[in-house]
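First comes the structure, then the notes that go with it.
In what follows, every heavy atom counts, from backbone to side chain, and hydrogens, waters and symmetry copies are set aside.
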Amino acid sequence: MTSRLIIFASAWAFAALAFVPSGARERTAPKLAFKALPGEETGLKAIMEQWKADEIKRQGKDKLSWWPWGLVAFDYDNDGCLDLILQQHATPGCLVLRGQVKDKGKVGFVNVTEELGLGDAALTGAFRPRIWDIDGDGTLDIVGLSASANACFFNQQGKKFVPLKFSPGTIYSLEPRNDVVDLNDDGYLDFHSEDAKFLYDPKARTFQRSAYQPPRHAKPPEAIAALVEEKKKTRFFHVHYVEVDLNGDGIADLIAGGFASYSRDSFTRALISDKAGKLSDQTAAMGLPLDGTPILVADLTGDGLPDILISGGARAGLYRNDGKGKFTLREGEVTSFLAKQGPYAHTAFPAHLKNDGNVDLVLCNPRGGQSEIYENLGGGNFKRVVQAGSWEEPVAIGDFNNDGLLDVAIGGPKDSVTIYVNQTTNPGNSCQIFPRMDKPNLYAVGARVEVFRAGELDKPGARPFWSEKAHPDATPVHVGLGSATHFDLRVTFPGKEPKSVTHKNVEARKKLIASSDGRLEAPK
C-alpha cells in the first residue's frame, strides 16, 4: 500500500464560470442515459482474466499481490481511437490496450503490451501515470509516478515504448492538468509535485530532479499560515489552492483545502480578497464548513457562479453560491454520496455528458469502492444515473465510440472494466476543441480554452460559459452548446509572453483545431 497516496487527481479541475448557451432552455431537455458494455463484449473480461493468471504465474499464487489501481485513456498511436492503460498497485505490471473502434466499428480492446515493449515489469501503480509528449515528436509518452525502475517511457511513433532510464520515485501528485507545465521556458514540458520539480533535458533525454515548491505552498497566505504549518505535522497531509471569484465582486479570491489520507484530518477555508489583494478568512461567514476538503470548484447550476463540492467532514456536500457571498448546502444524492467518507478524499470529474450546457458529474469514493454518474437537472439538482462498484483511480472519460458524446470507463469489482456508452436522447450541439502550437509543445499544454456565447466575447465583464485548460494527454476540450449553433472562442497560449487568440461567431462543428498562429479549422 502506498502510504503517501491521497487522491485529488481531478479534484481541483476548475470547470469555469458556466452560462447555459443561448437557446439551450428552448429545446426539449435531453435525458442522460448509458448502456453498460460488459467485458465479454469489449474483450476486457478475457484480457483482465489473462492478466491475473499471468500475475499468478509470475509472482506465485501464495505471494500474489493483485490490486488493480489506475485507469487512463489516451490515443497512443494517433489513430483517432482511445486506448487504455491499466495498472496494478505496489507490484510492477501494467497493460496497454489498443482501441478497435476504427478497425471493428465497435468498442473493443486488444492487449498490445508485449508488442509495444512494455512487458510485465513496468509501471507499478501509485498514481495514474501522466501522459504527455515529453520529447516533442508528436506522440504521447508515459510518466509513471512511482518508484518502479521502469516508470517512464518514450513512445516511438506508436510502435514501441522505450525507457527513459528515469524514475521519479513515489511522489505526491497534484491535479494532473496543472502539474505538467514548462517550468523553465525552454519549450519542453516539465512536471512538479508539491516539493520537487522535474525538468526535462532534451539533450540527455531525461529529467533532472530538484527541490521545488509551488508559490502558494512555499508561502501560504498569512490568514491560514499557522493552520497550514500545524496541519503539515499530520502524516500524509496535503494542501491545495484554487483562485476564483467567490462573492461576485470581480476580484479573485482563494479557496484553500487540505486532507490527510487515513486519518481524514481536513480543512476548508474561503479567503476573500480586497482591492489591495489582502486575504481574510470568511469561511464561516460564507456558510462553508471549516472541516472537510473542497474537491471541485465549478458552476454546477448554470448561473455563472462557482459552486463547491466538499468531501468528508460533518457537513460534506454540494454548496450552492447565491452570488452575494453566501453558500448553502444543497441536499440530494450528490451531498449524500460526498458525506460517506473513506480513507481518501472523493474525486470529482465535471463533464458535458448531455451537451446541453450544464455540467454533469462523475464522482468516485476511491477506497469506498464506489463510482457514480450524475445528470445535471439544473438549479443544483442532480440525478444519479449510474452506480458502480470500482477500484482505486478507476475513471476515464472520453468518446470511446467516436459519436460526439462523452462515454465513461470505470474499473470495477471482480477485476472488470466496464465501458458506459453514452446514449443520451436529444443531446445538445457540441464541439471538441484541439489547441495546437509548434513543437515541442505541439498539444499546447498550459493553454486556457474559453468558450463564450456568440456575441458575448467583447462585452464588458463577459464570462465564458466553459473554460478549461488544454489536456496534457492531447484529448480535446469537449464543450456542450445546447441548441446554440455558434459561439465565441478565446484561447490563451502559454509562453514567456502568453498569447491570446480570439474567434467570433464560430460555427459549432464537431471538431475544431485552434492553432496559436490564429488558424481555426476542422481536422483533415
Side-chain angles (χ1 to χ4, degrees), residues 1-15 127 172-175 194 224 227-228 230-242 244 246 254-271 281 283-284 286-298 300 306-321 327-350 361-374 380 382 384 387-395:
M1 182 180 299
T2 302
S3 58
R4 286 271 295 164
L5 184 62
I6 170 177
I7 298 181
F8 269 92
S10 288
W12 289 86
F14 176 48
F127 294 95
Y172 172 67
S173 168
L174 296 175
E175 198 280 318
E194 63 178 9
I224 60 168
L227 172 66
V228 171
E230 181 63 28
K231 292 293 187 182
K232 285 168 61 177
K233 298 175 184 178
T234 303
R235 193 181 186 202
F236 311 139
F237 202 93
H238 300 282
V239 181
H240 286 257
Y241 302 94
V242 63
V244 58
L246 292 171
L254 190 70
I255 280 283
F259 186 83
S261 300
Y262 309 111
S263 72
R264 308 180 191 181
D265 191 7
S266 61
F267 75 78
T268 294
R269 292 295 185 273
L271 307 180
D281 184 355
T283 312
M286 299 187 82
L288 293 168
L290 298 178
D291 62 347
T293 192
I295 61 166
L296 181 69
V297 182
L300 301 176
D307 308 296
I308 301 175
L309 296 184
I310 303 290
S311 169
R315 296 169 57 207
L318 164 59
Y319 282 82
R320 184 174 180 179
N321 189 342
F327 287 82
T328 303
L329 181 63
R330 186 80 174 187
E331 298 294 345
E333 292 178 331
V334 167
T335 289
S336 297
F337 185 77
L338 295 176
K340 298 175 182 178
Q341 178 69 64
Y344 301 158
H346 295 77
T347 50
F349 302 81
L361 291 172
V362 183
L363 300 179
C364 176
N365 188 341
R367 293 297 295 277
Q370 193 75 21
S371 293
E372 299 185 347
I373 303 175
Y374 291 87
F382 286 83
R384 181 192 300 113
Q387 191 172 21
S390 60
W391 65 50
E392 285 72 28
E393 298 207 90
V395 175

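With hydrogens and angles left out, the side-chain atoms of S266 and T293 include no donor and acceptor closer than 3.5 Å. A donor-acceptor pair shorter than 3.5 Å cannot be found between the side chains of S390 and Q370. Of the N and O atoms on the side chains of S263 and D265, not one donor lies less than 3.5 Å from an acceptor on the other residue.
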TODO: Let me see the working for L338 and I310 under side chain to side chain contact (heavy atoms under 4.5 Å, CB included), right down to the final yes or no.
DONE: CA-CA 7 Å; L338 295 176; I310 303 290; over 6 Å; no
Open item on the list: Set out, in order, the CA-CA distance, both residues' side-chain angles and the distance that settles side chain to side chain contact (heavy atoms under 4.5 Å, CB included) for F382 and F337, then state yes or no.
Closed with: CA-CA 12 Å; F382 286 83; F337 185 77; over 6 Å; no
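The closest side-chain heavy-atom distance from L300 to L309 is below 4.5 Å. When side chains are defined from C-beta on, Y319 does not count as touching P294, because their heavy atoms never get closer than 4.5 Å. For the pair I308 and I255, the minimum side-chain heavy-atom distance is below 4.5 Å.
The two atoms that bring R315 and D291 nearest to each other are N-OD1, 4.5 Å, heavy atoms only. Annotation for H346 and P366: closest pair CA-CD, 4.0 Å, computed over non-hydrogen atoms. Taking each heavy atom of L318 and G380 in turn, the nearest pair found is CD2-O, 3.5 Å. The heavy-atom pair separating P306 from V297 by the smallest distance is CB-CG1, 4.0 Å. Between G342 and N365, the shortest heavy-atom distance links the atoms N-OD1, 3.8 Å.
A distance of 10.5 Å separates CZ of F349 from CG of L296, quoted to the nearest 0.5 Å. From L361, atom CG reaches atom CD1 of I373 across 11.0 Å, with rounding to the nearest 0.5 Å.
In terms of modelled atom types and a separation under 3.5 Å, the side chain of S311 and the main chain of A345 share no donor-acceptor contact. Put simply, the side chain of S371 never gets that close to the backbone of A388: no donor and acceptor are under 3.5 Å apart. A side-chain donor-acceptor contact under 3.5 Å links N321 to the backbone of L246. Using modelled atom types, no side-chain atom of Q387 and backbone atom of E372 make a donor-acceptor pair closer than 3.5 Å. No donor-acceptor pair under 3.5 Å is formed between the side chain of T283 and the backbone N or O of L288. With R264 contributing its side chain and Q341 its backbone, the two residues share a donor-acceptor pair below 3.5 Å.
Centroid-to-centroid, the aromatic rings of H240 and F259 stay 6.0 Å apart or farther.
Here salt bridge (Lys or Arg N to Asp or Glu O under 4.0 Å) pairs that include residues 335-344, with residues two or more places apart or in two chains, number zero.
One finds no salt bridge joining R320 and D307 here, because no Lys/Arg side-chain nitrogen approaches an Asp/Glu carboxylate oxygen to under 4.0 Å.
Between Y344 and Y262, the ring planes are perpendicular. Angles over 60° get that label, and only those under 30° would be called parallel.
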